[in-house]
Peer 1: 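This structure is in structure tokens; I'll ask about it shortly.
In what follows, residues are counted from 1 in the order of the sequence shown. Ligands are counted one by one from 1 in listed order, and the atoms in each one are counted from 1 as well.
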Amino acid sequence: MVRLFVVLTAAGSGTRLGCDMPKALVPVAHRPLLEWALKGLPSCDFVVVSAPPAQRDRFQSEVSGCGVPAAVVPGGSSRQGSVAAAIRALVNMVDPVQEDDLVLVHDAARPFTPPAVFDRVVAALQDGHRAVVPALPVTDTIKVVAARTHPDEPVEVVTATPNRATLRAIQTPQGFYLHELAALHERFAEQSLTESTAFSDDAALYEAANLPVVTVDGDRSAYKITTPADLALAEFQHSPHH
Ligand code: C5P
């Protein structure tokens, strides 16, 4: 029986949301995002949640009330650092890690991800792929810009426009083999120390190591709650009277 573990990243601050509490504790329809995210997970062997270090106890009581086998670990200064801390804790907990242990890394900020997305990621892993990410086509034209020479500069200089047909917006859960992801997080640990050098998703560690990554279809309802508008949409969709 293959074991399935989940890392739920929930150590974000919620600054862009404009709330005075960690994003994962912000309520939607009177329930914290963390609870929605935990309830939306597929059945699995164990969940490790990364939490803002100062809020660890609060997160632990939230997690304990959800009936999911889970532990809370203090997150890092970047998403990559938070995942690395959770993976390290997971590896210690499940010792010895088996060759076929699978792990899904999922953002608590995507609490309404449908079960079918989890299923597609796990199915692709079971089909023999080693790194699997859910993807959506992009509707905007995406441009690459050069860094501003001065923070007050009102314009940015465009340097490229990649062909939109080749671009994808990447979501979570992202699926991997636990022993491989753990090794890559150890290898690239130094980059995780600052937001500016950290990888913004886990598949990027595979790409940096020249290992293949594949996509499966994502889903619009797995959107990441980032701005007040995202929160208003979630409230509208999930309030009991809707
Ligand atoms: O900041 P961003 O929107 O990319 O965050 C994506 C996910 O990573 C969120 O679920 C957030 O809680 C998590 N995160 C984290 N540790 C950080 C920063 C973000 O666990 N230091």
Peer 1: Under 30°, 30 to 60°, or over 60°: which ring-plane class applies to Phe112 and Trp36, parallel, tilted or perpendicular?
Peer 2: perpendicular
Peer 1: Can you name the one residue among Lys224, Lys23, Arg79 that meets salt bridge (charged side-chain N to carboxylate O under 4.0 Å, His left out) with Asp107?
Peer 2: Arg79
Peer 1: Give the residue, atom name and distance (to 0.1 Å) of the protein heavy atom nearest atom 15 (C) of ligand 1.
Peer 2: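 The closest one turns out to be Ser82 OG, 3.4 Å.
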Peer 1: Where the side chain of Gln174 meets the backbone of Asp202, is there a donor-acceptor pair that is under 3.5 Å apart?
Peer 2: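 A pair under 3.5 Å: yes.
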Peer 1: Over 60° means perpendicular and under 30° means parallel, so tell me whether Phe118 and His106 are parallel, tilted or perpendicular.
Peer 2: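 Taking His106 first and then Phe118, their aromatic rings stand perpendicular (interplane angle over 60°).
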Peer 1: Does Arg16 reach ligand 1 with a nitrogen or oxygen that is under 3.5 Å from one of the ligand's nitrogen or oxygen atoms?
Peer 2: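 Among all N and O atoms of Arg16, at least one is under 3.5 Å from an N or O of ligand 1.
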Peer 1: Without hydrogens or angle criteria, can the side chains of Thr166 and Asn163 be said to hold a donor-acceptor pair below 3.5 Å?
Peer 2: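 Judged by distance alone, the side chains do not pair up.
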Peer 1: Surrounding CD of Glu153 (heavy atoms of other residues, nucleotides or ligands, distance under 6.0 Å), is the total greater than 12?
Peer 2: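 Counting other residues, nucleotides and ligands, CD of Glu153 exceeds 12 neighbours.
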Peer 1: Is the contact between Gln80 and ligand 1 made by the side chain, the backbone, both, or neither, using heavy atoms and a 4.0 Å cut-off?
Peer 2: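 The answer is neither.
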Peer 1: Measure Ala10 to ligand 1 on non-hydrogen atoms and call it side chain, backbone, both or neither using the 4.0 Å cut-off.
Peer 2: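 For Ala10, the contact with ligand 1 is made by the backbone alone.
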Peer 1: Show which atoms of ligand 1 fall inside a sub-4.0 Å distance from at least one heavy-atom site of Ala109.
Peer 2: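 That gives atoms 9 (C), 10 (O) of ligand 1.
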Peer 1: Does even one non-hydrogen atom of Ala108 get within less than 4.0 Å of ligand 1?
Peer 2: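 Distance cut 4.0 Å: Ala108 passes for ligand 1.
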Peer 1: Considering only non-hydrogen protein atoms, determine which one is nearest to atom 20 (O) of ligand 1 and report residue, atom name and distance to 0.1 Å.
Peer 2: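 Its nearest protein heavy-atom neighbour is Ala11 N, 3.0 Å.
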Peer 1: Tell me: protein heavy atom nearest atom 18 (C) of ligand 1, and distance?
Peer 2: Arg79 N, 3.7 Å
Peer 1: What's the shortest distance from atom 8 (O) of ligand 1 to any protein heavy atom, and which residue and atom give it?
Peer 2: Thr9 OG1, 3.3 Å
Peer 1: Who's the nearest protein heavy-atom neighbour of atom 19 (C) of ligand 1, and how far?
Peer 2: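 I find the closest protein heavy atom is Gly12 CA, 3.8 Å.
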Peer 1: Taking heavy atoms and a distance under 4.0 Å, where does Ser78 meet ligand 1: side chain, backbone, both or neither?
Peer 2: backbone
Peer 1: Looking at ligand 1, does any of its N/O atoms fall within less than 3.5 Å of an N/O of Lys224?
Peer 2: yes
Peer 1: Please state which part of Ser50 comes within less than 4.0 Å of ligand 1, counting heavy atoms only: side chain, backbone, both or neither.
Peer 2: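 The side chain, only.
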Peer 1: Taking CZ in Arg130 as the centre, count heavy atoms belonging to other residues, nucleotides or ligands within less than 6.0 Å. Is the count above 12?
Peer 2: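 Above 12, so yes.
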Peer 1: Please work out, at 4.0 Å between heavy atoms, whether the side chain, the backbone, both, or neither of Ser13 comes within that distance of ligand 1.
Peer 2: neither
Peer 1: Would Glu207 and Val213 count as a side chain to side chain contact (heavy atoms under 4.5 Å, CB included) here? Give the steps.
Peer 2: CA-CA 7 Å; Glu207 293 156 49; Val213 175; 3.9 Å; yes
Peer 1: What I want to check is whether the side chains of Thr194 and Thr197 have a donor and an acceptor closer together than 3.5 Å.
Peer 2: yes
